[in-house]
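Okay, so here's the structure we're looking at.
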Amino acid sequence: MKRIVVLASGRGSNLQAVLDAAAAEGWAARVVAVLSDRPGAGALAIARAHGAQALLVDRKAHASRAGFDAALAAAVDALAPDLVVLAGFMHILDAGFVQRHAGRMLNVHPSLLPAFPGLHTHRRALAAGCKLAGATVHFVTPELDAGPIVIQAAVPVRADDTEATLAARVLGKEHAIYPRAVRWFVDDELRIEQGIVRHRRGEPQWLF
Ligand code: GRF
């Protein structure tokens, strides 16, 4: 059984999607713990409901960024994860942490990377007049939202879209592609060749 640790700051809908898929499909892995930097994170309640450890490393309890980073790293290392899954974790991880988990840490980002890394992706896609938007699951590297792409999903941008309607459409796709990507990792289906992620059996790494 592979050990998955999820880091999440917010409501936890991607966490829920991963938990649901793992249970429904009988993965050879389990979410052993969910760790949050915010005490009120919905993701912690979801973890408890699922019987996974719900751990808090409170950003506000640490005066310095370095202190928080050290506490976070110690908490994650103690869990001995095979895979770290970032699911709306709103803290930029320090390079040492990222390097220690290189090739074993995934993130979901609500844009078609490399377009719109960082925050406010939907607002920026609307302002740019994009006709397609989407979501990306990628391996995490020290550069923000720039690691090797595992799978992407695209959605249309409608003329009357607001940030909220576009975000909801994209989120639905996140819930489809994130569990798929995590399962591929669990089943050792992914390899990275010169920064390009390939599925060993050639499954489509996109979704419309
Ligand atoms: C998602 O849109 C994800 O792409 C971004 O943060 C949001 C997290 O949502 N990184 P949730 O907490 O999984 O519902």
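Everything numeric here is computed off the predicted structure, so don't read it as measured data. We count ligands from 1, going down the list as the structure has it; atoms in each ligand are counted the same way.
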Salt-bridge test for K2 and D188: reply yes if a basic N is under 4.0 Å from a carboxylate O, no otherwise.
yes
So do P81 and V32 actually touch side chain to side chain, heavy atoms under 4.5 Å?
no
Show your reasoning for whether side-chain contact (heavy atoms from CB on, under 4.5 Å) applies to V76 and F97.
CA-CA 10 Å; V76 172; F97 184 91; 3.9 Å; yes
Under 4.0 Å between a Lys/Arg side-chain N and an Asp/Glu carboxylate O for E163 and R123?
yes
Side chains of D37 and H91: is there a donor and an acceptor less than 3.5 Å apart?
no
Quick one: do F116 and H122 satisfy ring pair (Phe, Tyr, Trp, His ring centres under 6.0 Å)? Show the steps, please.
CA-CA 9 Å; F116 310 123; H122 308 300; 9.4 Å; no
Give one line per pair: atom of ligand 1, protein atom, distance. Only N/O to N/O under 3.5 Å.
from: ligand 1; atom 1: 2 (O); to: E174; atom 2: OE1; distance (Å): 3.2
from: ligand 1; atom 1: 2 (O); to: E174; atom 2: OE2; distance (Å): 3.1
from: ligand 1; atom 1: 4 (O); to: E174; atom 2: OE1; distance (Å): 2.7
from: ligand 1; atom 1: 4 (O); to: E174; atom 2: OE2; distance (Å): 3.3
from: ligand 1; atom 1: 9 (O); to: R11; atom 2: NH2; distance (Å): 3.3
from: ligand 1; atom 1: 10 (N); to: V108; atom 2: O; distance (Å): 3.2
from: ligand 1; atom 1: 12 (O); to: G12; atom 2: N; distance (Å): 2.8
from: ligand 1; atom 1: 13 (O); to: S13; atom 2: N; distance (Å): 3.3
from: ligand 1; atom 1: 13 (O); to: N14; atom 2: N; distance (Å): 2.9
from: ligand 1; atom 1: 13 (O); to: N14; atom 2: ND2; distance (Å): 2.9
from: ligand 1; atom 1: 14 (O); to: R11; atom 2: NE; distance (Å): 2.4
from: ligand 1; atom 1: 14 (O); to: S13; atom 2: N; distance (Å): 2.8
from: ligand 1; atom 1: 14 (O); to: S13; atom 2: OG; distance (Å): 2.5

